[in-house]
Student: 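Attaching a single structure in structure tokens format; questions to follow.
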Number of protein chains: 2
Amino acid sequence: MHTVDTLLHARWIVPIEPDDRVLTEHSLAVHEGRIVAVLPTHEARTQYRGTRELTLDRHALIPGLVNAHTHAAMSLLRGLADDLHLMDWLQHHIWPAEGRWVNEEFVHDGSELAIAEMLRGGTTCFNDMYFFPEVTARVAASAGMRATVGLILIDFPTAYADSPDDYLAKGLALHDEYRNHPLIRTAFAPHAPYSVSDAPLDRVRILADELDIPIHMHIHETAHEVDQAVAQSGQRPLARLNTLGVVSPALLAVHMTQLTDAEIALCAANGVSVLHCPESNLKLASGFCPVQKLLAAGINVALGTDGAASNNDLDMLGELRSAALLAKAVSGDASAVPAYQALRMATLNGAIALGLGDQIGSLVPGKLADICAVALDGIEATPLYHPLSQLVYASGRHQVSDVWVAGEHLLKDRALTRLDEVDILRRARQWQARIGAADSEANT
Amino acid sequence: MHTVDTLLHARWIVPIEPDDRVLTEHSLAVHEGRIVAVLPTHEARTQYRGTRELTLDRHALIPGLVNAHTHAAMSLLRGLADDLHLMDWLQHHIWPAEGRWVNEEFVHDGSELAIAEMLRGGTTCFNDMYFFPEVTARVAASAGMRATVGLILIDFPTAYADSPDDYLAKGLALHDEYRNHPLIRTAFAPHAPYSVSDAPLDRVRILADELDIPIHMHIHETAHEVDQAVAQSGQRPLARLNTLGVVSPALLAVHMTQLTDAEIALCAANGVSVLHCPESNLKLASGFCPVQKLLAAGINVALGTDGAASNNDLDMLGELRSAALLAKAVSGDASAVPAYQALRMATLNGAIALGLGDQIGSLVPGKLADICAVALDGIEATPLYHPLSQLVYASGRHQVSDVWVAGEHLLKDRALTRLDEVDILRRARQWQARIGAADSEANT
């Protein structure tokens, strides 16, 4: 009889590896932050004793969801402006609000709100891109949340940094600070082809290679972006990035709604990961990412919510459902992105993109215990013929009951254990009062 | 001081009429099942006393949602088979299951499960199409739910009826039975152009005209349907229906993913309502309904979930969000179907389609008190800049706290007041055991 820190007895376990597998009446043993065993409950009861044991007899355990692209702090701008053309939205609402309000306190409070929302929705890891990433890193670490924070880089000055060199210097200092942190990783985050010029991108390529970290970048988000690049330079953005040597296994290409077959082949040949944000692409009328073609080409496709200013939530269960539905319509094939694949995109594929494929993203012994429990009973989830189908097509994030990151129980029967929900709400409402008043004033 | 049955003090009221209006700190007075006043709370407190008063200080009141197209009883087949090509899904799963299991008991238990789910999600009225509609009518009436039940008609025999004449005779008897019922209405429901031939359709047209009830029909759901009709008859289905005189204000055309500009003009000129089911169309890869073009042409577009076998839920808040997001992407215009319009499609437009536009669908004095309260606080709904945006883009159906139909409080702080949830679940699980075993056996 082995004693482990935590022993979870579940009605179902969806390990993600192997594909399309559901284990019934299985248990999961966690010790020192890692999964040590997944086995039938009747065997678990004779082989393991848990310091903490939990019976989840109406639940499916899935790997914690990986939100592969977000701007966490922008949760403070949730719903500030909607239903607008992209440039109207950016120029008259988002950029003025960011210019006026974004500072360390904004990033602190927005990141904490976002982390609370993500944990309550089953997300255990997020890949972020925003200003003051050292603040997001600190908040995530203190919340016990796993994160890859983006070392943001953009040609123009902001409250955070005043030149490409300054962005990179700050980014490198942040990378050094978290070099051996158990939860926090870094990635270079040059904003987009149109906002970062060749010289800094060249430095990013060299540094990413040296440090062995990803390059996280918005690419081919809209037809307008591609058309404008072609008009200005004669080159599509992806072609320019390829010339710069950035199209590589390190590249995490966000959005990618405008892709020729040759570009898909280029990304496949070079091991690029695509970070697909279906709801943001819909809401901003950006275009349709050809997910089914990317998967067929062997490209690793992960899922992200994008920021709450454009989505307007950080709901990965909702996002993976949208991804599964939309892929069928876009490909014209009702069998495209079946339920298990949508869940894999939201877990293991995100982990692989972030270079964490051997650490998280599936429930197998040896991996870190990043786990989400989803209750599958009640009127909305009955009858239940196939747990995977129910998880993807008929579940809401409010059914997430418990979440663990590296074995720590961060959401316990819907309650956050480390974060102070009341205080987070109080601060978010203070921002709301300030930001809302200024936005109304500017737009009347 | 007037005494009314119910007085609701709300943080926000979204009356739907006029467009894009949000009333803050308003109250709604209900008497004898109807809305008698909507006025500022400080005035309401001096003018009205409620036999029951409820303060909803974190909530928005919206009209009860109108699910304009569903097959309620099919909730018992939720998730039985997914990610399959339409014909594989129908021929190997849905039709065998229906052939074997659909009887009065199935329709009773499935309709009750569906009504429970719909009420818990803020839906107060549904437009149904299924076999044994008299059972669905009885269940809805007994649940206090508003419904338009379809007098189904199909060329081939089923357990319900053995010929078009038999379907119509049963339908007419049902229509007579509910002629003066306060909650239950009827509509003719010829299944689809490919499953109903000219002679019975001709009778439907004459009878619908005599009885002044709608004709509810799946039309142009897929390209395959249109192509097959053209191959067989040289005519697109809508052209045939027009020849038969069915394209009229009575027509409620479901799906409509395949439409030429001339067909849109034809529908607009003839006052057709389109019942849009975005999630079903995505999941079955049916195509994209050109919602923005339909609205621009002045067509009344309402929203439906379709049946839970294809969606896989009856979640109108989710559906209206999908409708708003998808319309932007399909039209390439981020300002298409703004939040207020998505809510209107899910309320007033549904009411108009069903001939109930003067009775339900908006919160104005004189209308029936079909009301839904949505809690807009908590981590996922903060900050809140615009209640309409939050309702559409950042709310889930679990935030629906209270629902009234004709003034009766059917959902009270998340609990169903008339329906026995435990018993509904018990029966649904019995069906699950029977249906699931037979489906597995047939498909292994």
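This is a predicted model, so every value here is computed, not measured. Just so you know, these numbers use all the heavy atoms, side chains as well, and skip hydrogens, waters and symmetry mates. The sequence lines fix the lettering, A, B, ..., with proteins before strands; numbering per chain opens at 1.
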Student: Within the structure provided, determine whether A/I94 and A/M74 are in side-chain contact (heavy-atom separation under 4.5 Å).
Tutor: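 Side chain of A/I94 against side chain of A/M74, heavy atoms only: contact under 4.5 Å found.
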Student: Does A/D83 reach the main-chain N or O of B/A339 with its side chain, forming a donor-acceptor pair under 3.5 Å?
Tutor: yes
Student: Which residue out of B/D315, B/V392, B/L84, B/L384 racks up the most heavy-atom pairs below 4.5 Å with chain A?
Tutor: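 Of the options given, most contacts go to B/L384.
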Student: For the residue pair A/H93 and A/A81, what are the closest heavy atoms and their distance?
Tutor: CG-CB, 3.4 Å
Student: Check whether any side-chain heavy atom of A/L416 sits under 4.5 Å from a side-chain heavy atom of A/L410, and report yes or no.
Tutor: no
Student: So for B/S286, is it side chain, backbone, both, or neither that comes closer than 4.5 Å to the heavy atoms of chain A?
Tutor: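 Answer is neither: B/S286 stays 4.5 Å or more from chain A.
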Student: Tell me which of these, B/H85, B/K283, B/E117, has more heavy-atom pairs under 4.5 Å with chain A than the rest.
Tutor: B/K283
Student: Donor-acceptor check, side chain of B/S280 to backbone of B/C277, threshold 3.5 angstrom: yes or no?
Tutor: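 Not at all, since once roles are kept as given, no pair shorter than 3.5 Å links the two residues.
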Student: Given that the side chain runs from C-beta out, which part of B/I424 has a heavy atom under 4.5 Å from chain A: side chain, backbone, both or neither?
Tutor: side chain
Student: Kindly indicate whether the side chain of A/L317, heavy atoms from C-beta on, has any atom under 4.5 Å from the side chain of A/L320.
Tutor: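 They are in contact (side-chain heavy atoms under 4.5 Å apart), so the answer is yes.
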Student: So which part of B/L113 gets closer than 4.5 Å to some heavy atom of chain A, the side chain, the backbone, both or neither?
Tutor: both
Student: Is there side-chain contact between B/V374 and B/S401, with at least one heavy-atom pair below 4.5 Å?
Tutor: no
Student: Below 4.5 Å, heavy-atom pairs only: which of B/N281, B/T222, B/N311 has the largest tally toward chain A?
Tutor: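 Between B/N281, B/T222, B/N311, the count favours B/N311.
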Student: Is there a donor-acceptor pair closer than 3.5 Å between any side-chain N or O of B/N312 and the backbone N or O of A/S389?
Tutor: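 Absent.
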Student: Identify the residues of residues 327-338 of chain B whose heavy atoms come closer than 4.5 Å to a heavy atom of chain A, ordered by number, or report 'none'.
Tutor: B/K328, B/A329, B/V330, B/G332, B/D333, B/A334, B/S335, B/V337, B/P338
Student: A/W89 versus A/L80: any side-chain heavy-atom pair under 4.5 Å?
Tutor: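 No, too far: nothing below the 4.5 Å cut-off.
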Student: Compare every heavy atom of A/Q399 with every heavy atom of A/A381, then report the nearest pair and how far apart it is.
Tutor: CB-NE2, 4.3 Å
Student: Could you tell me whether the side chain of A/Q390 and the main chain of A/H386 form a donor-acceptor pair under 3.5 Å?
Tutor: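 Such a contact is absent between A/Q390 side chain and A/H386 backbone.
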Student: Just give me the residue among B/R397, B/R120, B/E279, B/E380 that pairs up with chain A most often, heavy atom to heavy atom, under 4.5 Å.
Tutor: B/E380
Student: Which atom pair, heavy atoms only, marks the closest approach of A/D306 to A/T70?
Tutor: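 Result for this residue pair: O-OG1, 3.1 Å.
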Student: Below 4.5 Å, heavy-atom pairs only: which of A/D377, A/D313, A/D82 has the largest tally toward chain B?
Tutor: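 The option with the most such pairs is A/D82.
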Student: Could you walk me through whether A/Y393 and A/L325 pass side chain to side chain contact (heavy atoms under 4.5 Å, CB included), step by step?
Tutor: CA-CA 9 Å; A/Y393 297 118; A/L325 296 180; 4.1 Å; yes
Student: Write out, in numerical order, the residues from residues 425-438 of chain B with a heavy atom short of 4.5 Å from a heavy atom in chain A.
Tutor: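 Expected list: B/L425, B/A428, B/R429, B/W431, B/Q432, B/I435, B/G436.
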